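Structure first, commentary second.
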Amino acid sequence: DAGITQSPRHKVTETGTPVTLRCHQTENHRYMYWYRQDPGHGLRLIHYSYGVKDTDKGEVSDGYSVSRSKTEDFLLTLESATSSQTSVYFCATQTGLTTEAFFGQGTRLTVV
Amino acid sequence: AQSVTQLDSHVSVSEGTPVLLRCNYSSSYSPSLFWYVQHPNKGLQLLLKYTSAATLVKGINGFEAEFKKSETSFHLTKPSAHMSDAAEYFCVVSAGAGSYQLTFGKGTKLSVIP
(Lines give C-alpha, C1' and ligand atoms only; values in the text may rest on other atoms or scores of the structure.)
Protein backbone atom coordinates (compact mmCIF):
# COMPACT_ATOMS: atom_id res chain seq x y z
CA ASP A 1 0.00 0.00 0.00
CA ALA A 2 1.07 3.56 -0.65
CA GLY A 3 2.07 5.29 2.57
CA ILE A 4 -0.93 7.55 3.07
CA THR A 5 -2.11 8.22 6.59
CA GLN A 6 -5.17 10.21 7.52
CA SER A 7 -5.74 11.58 10.98
CA PRO A 8 -7.91 11.47 12.89
CA ARG A 9 -9.80 8.42 11.64
CA HIS A 10 -12.96 9.39 13.48
CA LYS A 11 -14.09 12.70 14.89
CA VAL A 12 -17.24 14.12 16.40
CA THR A 13 -17.42 17.88 16.62
CA GLU A 14 -19.97 20.55 17.36
CA THR A 15 -21.53 22.91 14.86
CA GLY A 16 -19.56 26.10 14.48
CA THR A 17 -16.19 24.76 15.58
CA PRO A 18 -13.15 24.64 13.29
CA VAL A 19 -11.81 21.20 12.38
CA THR A 20 -8.57 20.21 10.67
CA LEU A 21 -8.00 16.88 9.00
CA ARG A 22 -4.51 15.78 8.12
CA CYS A 23 -3.21 13.71 5.23
CA HIS A 24 0.39 12.55 5.39
CA GLN A 25 2.17 10.68 2.59
CA THR A 26 5.57 9.08 2.45
CA GLU A 27 5.63 8.51 -1.35
CA ASN A 28 6.76 11.95 -2.48
CA HIS A 29 3.75 12.15 -4.80
CA ARG A 30 3.26 15.55 -6.38
CA TYR A 31 -0.53 15.65 -6.53
CA MET A 32 -2.79 15.42 -3.51
CA TYR A 33 -6.56 15.55 -3.21
CA TRP A 34 -9.31 15.79 -0.64
CA TYR A 35 -12.64 14.13 -1.43
CA ARG A 36 -15.82 13.67 0.50
CA GLN A 37 -17.97 10.59 0.11
CA ASP A 38 -21.71 10.71 0.66
CA PRO A 39 -24.31 8.06 -0.20
CA GLY A 40 -25.57 8.43 -3.75
CA HIS A 41 -22.89 10.95 -4.70
CA GLY A 42 -19.74 8.86 -5.04
CA LEU A 43 -16.62 10.86 -4.27
CA ARG A 44 -16.64 14.59 -4.83
CA LEU A 45 -13.52 16.70 -5.02
CA ILE A 46 -13.14 19.39 -2.36
CA HIS A 47 -9.65 20.77 -3.03
CA TYR A 48 -6.48 19.59 -4.68
CA SER A 49 -2.81 20.43 -4.71
CA TYR A 50 -0.35 20.23 -7.59
CA GLY A 51 2.70 21.13 -5.53
CA VAL A 52 3.88 22.76 -2.35
CA LYS A 53 1.80 25.90 -1.74
CA ASP A 54 -0.11 25.27 -5.00
CA THR A 55 -3.74 24.44 -4.37
CA ASP A 56 -7.06 24.95 -6.08
CA LYS A 57 -10.77 24.42 -5.52
CA GLY A 58 -12.79 21.39 -6.50
CA GLU A 59 -16.51 21.12 -7.07
CA VAL A 60 -17.59 21.27 -3.40
CA SER A 61 -15.08 23.68 -1.85
CA ASP A 62 -17.44 26.05 -0.01
CA GLY A 63 -16.72 26.00 3.72
CA TYR A 64 -13.35 24.28 3.29
CA SER A 65 -9.78 25.49 3.02
CA VAL A 66 -6.53 23.63 2.52
CA SER A 67 -2.83 24.12 2.99
CA ARG A 68 0.24 22.33 1.76
CA SER A 69 3.43 23.70 3.27
CA LYS A 70 5.49 20.59 2.45
CA THR A 71 5.20 17.76 -0.04
CA GLU A 72 4.12 15.14 2.46
CA ASP A 73 1.30 16.97 4.26
CA PHE A 74 -2.05 18.22 2.97
CA LEU A 75 -4.38 19.73 5.54
CA LEU A 76 -8.12 20.20 5.16
CA THR A 77 -9.81 22.74 7.41
CA LEU A 78 -13.50 23.18 7.99
CA GLU A 79 -13.61 26.78 9.03
CA SER A 80 -16.90 26.54 10.92
CA ALA A 81 -18.31 23.03 10.84
CA THR A 82 -21.94 22.50 9.81
CA SER A 83 -24.11 19.39 9.89
CA SER A 84 -23.96 19.23 6.07
CA GLN A 85 -20.25 18.54 6.38
CA THR A 86 -20.90 15.26 8.17
CA SER A 87 -19.26 12.85 5.77
CA VAL A 88 -16.39 10.48 5.15
CA TYR A 89 -13.32 12.31 3.90
CA PHE A 90 -10.67 10.68 1.76
CA CYS A 91 -7.24 11.89 0.88
CA ALA A 92 -5.62 10.70 -2.34
CA THR A 93 -2.27 11.13 -4.04
CA GLN A 94 -0.95 10.72 -7.58
CA THR A 95 2.49 10.73 -9.10
CA GLY A 96 1.22 12.05 -12.43
CA LEU A 97 -2.06 13.10 -14.00
CA THR A 98 -2.56 9.85 -15.94
CA THR A 99 -1.54 7.52 -13.15
CA GLU A 100 -3.72 5.81 -10.61
CA ALA A 101 -4.57 7.52 -7.36
CA PHE A 102 -3.76 6.03 -3.99
CA PHE A 103 -6.20 6.55 -1.17
CA GLY A 104 -6.00 6.89 2.56
CA GLN A 105 -8.32 4.91 4.81
CA GLY A 106 -10.70 7.81 5.31
CA THR A 107 -11.84 10.02 8.16
CA ARG A 108 -15.40 9.75 9.41
CA LEU A 109 -16.49 13.20 10.57
CA THR A 110 -19.73 13.79 12.42
CA VAL A 111 -20.92 17.33 13.09
CA VAL A 112 -23.56 17.53 15.82
CA ALA B 1 -14.91 18.79 -19.17
CA GLN B 2 -15.22 15.14 -18.28
CA SER B 3 -17.90 13.01 -16.71
CA VAL B 4 -18.58 9.43 -15.74
CA THR B 5 -21.91 7.62 -15.66
CA GLN B 6 -22.29 4.31 -13.93
CA LEU B 7 -25.47 2.93 -15.39
CA ASP B 8 -26.55 0.84 -12.42
CA SER B 9 -26.56 1.94 -8.81
CA HIS B 10 -27.09 -1.63 -7.61
CA VAL B 11 -26.36 -4.99 -9.23
CA SER B 12 -27.26 -8.32 -7.68
CA VAL B 13 -25.83 -11.64 -8.95
CA SER B 14 -25.73 -15.19 -7.73
CA GLU B 15 -22.42 -16.66 -6.66
CA GLY B 16 -20.69 -18.31 -9.62
CA THR B 17 -22.50 -16.25 -12.26
CA PRO B 18 -20.94 -13.49 -14.40
CA VAL B 19 -20.64 -9.90 -13.26
CA LEU B 20 -21.15 -6.88 -15.51
CA LEU B 21 -20.83 -3.35 -14.13
CA ARG B 22 -21.38 -0.68 -16.73
CA CYS B 23 -19.56 2.63 -17.12
CA ASN B 24 -19.77 5.33 -19.77
CA TYR B 25 -17.53 8.36 -19.85
CA SER B 26 -17.03 11.60 -21.67
CA SER B 27 -13.76 13.44 -21.97
CA SER B 28 -12.26 16.14 -24.14
CA TYR B 29 -8.90 14.40 -24.11
CA SER B 30 -7.68 10.84 -24.45
CA PRO B 31 -8.58 9.66 -20.99
CA SER B 32 -7.09 7.32 -18.49
CA LEU B 33 -9.76 5.15 -16.92
CA PHE B 34 -9.80 3.22 -13.67
CA TRP B 35 -12.01 0.92 -11.66
CA TYR B 36 -11.77 1.00 -7.89
CA VAL B 37 -13.40 -1.23 -5.32
CA GLN B 38 -14.47 -0.23 -1.82
CA HIS B 39 -15.40 -2.81 0.75
CA PRO B 40 -17.56 -1.66 3.67
CA ASN B 41 -15.82 0.85 5.93
CA LYS B 42 -12.62 0.59 3.92
CA GLY B 43 -10.64 2.82 1.60
CA LEU B 44 -10.55 2.50 -2.17
CA GLN B 45 -8.41 -0.13 -3.87
CA LEU B 46 -7.40 -0.04 -7.52
CA LEU B 47 -8.83 -2.96 -9.52
CA LEU B 48 -7.46 -2.07 -12.93
CA LYS B 49 -6.49 0.83 -15.18
CA TYR B 50 -6.51 1.77 -18.83
CA THR B 51 -3.86 4.25 -19.98
CA SER B 52 -3.92 3.96 -23.80
CA ALA B 53 -2.17 0.63 -24.17
CA ALA B 54 -4.18 -2.56 -24.70
CA THR B 55 -7.93 -1.98 -24.81
CA LEU B 56 -8.67 -5.14 -22.81
CA VAL B 57 -7.33 -4.62 -19.34
CA LYS B 58 -6.91 -7.33 -16.75
CA GLY B 59 -7.01 -6.51 -13.09
CA ILE B 60 -6.85 -8.17 -9.74
CA ASN B 61 -9.18 -10.91 -8.49
CA GLY B 62 -10.22 -12.00 -11.97
CA PHE B 63 -11.76 -8.70 -13.07
CA GLU B 64 -11.24 -7.22 -16.49
CA ALA B 65 -12.53 -4.26 -18.47
CA GLU B 66 -12.62 -3.34 -22.12
CA PHE B 67 -12.08 0.20 -23.35
CA LYS B 68 -14.37 0.96 -26.31
CA LYS B 69 -13.70 4.40 -27.67
CA SER B 70 -16.53 4.28 -30.21
CA GLU B 71 -19.02 3.57 -27.43
CA THR B 72 -17.22 5.68 -24.79
CA SER B 73 -17.56 2.74 -22.44
CA PHE B 74 -15.36 0.96 -19.95
CA HIS B 75 -17.45 -1.88 -18.55
CA LEU B 76 -16.13 -4.10 -15.77
CA THR B 77 -16.63 -7.85 -15.99
CA LYS B 78 -15.82 -11.03 -14.12
CA PRO B 79 -16.70 -14.53 -15.33
CA SER B 80 -17.74 -15.93 -11.97
CA ALA B 81 -18.78 -13.94 -8.89
CA HIS B 82 -17.47 -14.79 -5.47
CA MET B 83 -19.00 -13.78 -2.16
CA SER B 84 -15.94 -11.66 -1.44
CA ASP B 85 -16.73 -9.52 -4.49
CA ALA B 86 -19.64 -7.91 -2.67
CA ALA B 87 -18.60 -4.26 -2.44
CA GLU B 88 -19.07 -0.89 -4.07
CA TYR B 89 -17.31 -0.24 -7.37
CA PHE B 90 -16.33 3.12 -8.81
CA CYS B 91 -15.46 3.99 -12.37
CA VAL B 92 -13.03 6.92 -12.56
CA VAL B 93 -11.74 9.04 -15.44
CA SER B 94 -8.63 11.16 -15.51
CA ALA B 95 -8.36 13.51 -18.44
CA GLY B 96 -4.63 13.87 -17.96
CA ALA B 97 -3.12 16.87 -19.68
CA GLY B 98 -5.04 20.01 -18.89
CA SER B 99 -6.89 18.57 -15.93
CA TYR B 100 -5.84 17.88 -12.40
CA GLN B 101 -9.04 16.15 -11.53
CA LEU B 102 -10.13 12.58 -11.20
CA THR B 103 -13.85 12.35 -11.85
CA PHE B 104 -15.78 9.59 -10.12
CA GLY B 105 -18.95 7.85 -11.05
CA LYS B 106 -21.54 7.57 -8.32
CA GLY B 107 -20.77 3.96 -7.68
CA THR B 108 -22.37 0.56 -8.22
CA LYS B 109 -23.09 -1.60 -5.23
CA LEU B 110 -22.59 -5.26 -6.06
CA SER B 111 -24.45 -7.85 -4.02
CA VAL B 112 -23.60 -11.53 -4.35
CA ILE B 113 -26.28 -14.03 -3.41
CA PRO B 114 -25.11 -17.41 -2.11
Side-chain angles (χ1 to χ4, degrees), chain A residues 1-7 9-10 23 25 27 29-51 54-61 66 68 74 87-110, chain B residues 1-10 21 23-25 27-53 57 59-60 65 67 74 87-109:
Chain A
D1 289 343
I4 302 170
T5 305
Q6 291 185 230
S7 58
R9 293 290 315 280
H10 301 272
C23 178
Q25 59 137 334
E27 305 298 318
H29 289 175
R30 177 181 176 184
Y31 303 98
M32 297 186 75
Y33 306 83
W34 277 108
Y35 291 88
R36 60 177 291 172
Q37 183 178 27
D38 304 289
H41 291 276
L43 274 76
R44 294 180 292 173
L45 182 65
I46 306 171
H47 280 280
Y48 60 94
S49 170
Y50 44 96
D54 291 323
T55 65
D56 207 345
K57 297 178 180 180
E59 63 176 300
V60 291
S61 61
V66 290
R68 192 169 179 198
F74 193 33
S87 186
V88 180
Y89 292 84
F90 284 98
C91 173
T93 70
Q94 272 182 305
T95 55
L97 293 176
T98 61
T99 63
E100 68 266 36
F102 298 91
F103 287 84
Q105 289 297 97
T107 295
R108 184 174 296 274
L109 177 68
T110 303
Chain B
Q2 58 194 34
S3 66
V4 177
T5 302
Q6 291 184 241
L7 297 165
D8 305 291
S9 59
H10 192 192
L21 305 183
C23 173
N24 289 114
Y25 71 92
S27 177
S28 302
Y29 302 92
S30 296
S32 295
L33 292 158
F34 310 89
W35 276 99
Y36 285 83
V37 60
Q38 184 182 32
H39 288 92
N41 299 312
K42 299 291 186 183
L44 282 80
Q45 179 186 18
L46 180 70
L47 272 180
L48 50 79
K49 61 182 177 181
Y50 166 77
T51 55
S52 76
V57 181
I60 62 172
F67 174 70
F74 190 56
E88 190 156 23
Y89 293 79
F90 293 95
C91 182
V92 181
V93 62
S94 172
S99 172
Y100 295 107
Q101 297 191 23
L102 296 170
T103 301
F104 284 75
K106 293 187 177 182
T108 299
K109 185 174 181 180

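Just so it is clear, the structure is predicted and the values come from calculations on it, not from any experiment. Chain letters run A, B, ... following the sequence lines, proteins first, then strands; residues in each count from 1. For the numbers below, each heavy atom of this structure counts, side chains included, while hydrogens, waters and symmetry mates do not.
Panel note: side chain A/Tyr48, backbone B/Leu102; no donor-acceptor pair is recorded below 3.5 Å.
At a 4.5 Å heavy-atom cutoff, B/Ser9 makes no contact with chain A through either its backbone or its side chain. With a 4.5 angstrom heavy-atom cutoff, A/Gln6 does not touch chain B via any of its atoms. Contacts of B/Gln38 with chain A are made by side-chain atoms alone, with heavy-atom separations under 4.5 Å and no backbone atom involved.
In terms of heavy-atom pairs under 4.5 angstrom with chain B, the leader among A/Gly40, A/Gly58, A/Gly106, A/Gly104 is A/Gly40.
With sequence neighbours left out, the ring pair (Phe, Tyr, Trp, His ring centres under 6.0 Å) criterion links B/Phe90 to no other residue.
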Tell me which donor-acceptor pairs under 3.5 Å the side chains of residues 40-50 of chain B have, and how far apart each pair is, sequence neighbours excluded?
unit_1: B/Asn41; atom_1: OD1; unit_2: A/Arg108; atom_2: NH2; d: 3.4
unit_1: B/Lys49; atom_1: NZ; unit_2: A/Glu100; atom_2: OE1; d: 2.8
unit_1: B/Lys49; atom_1: NZ; unit_2: A/Glu100; atom_2: OE2; d: 3.4

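Taking CZ of B/Phe104 as the start and OH of A/Tyr35 as the end, the distance is 4.5 Å to the nearest 0.5 Å.
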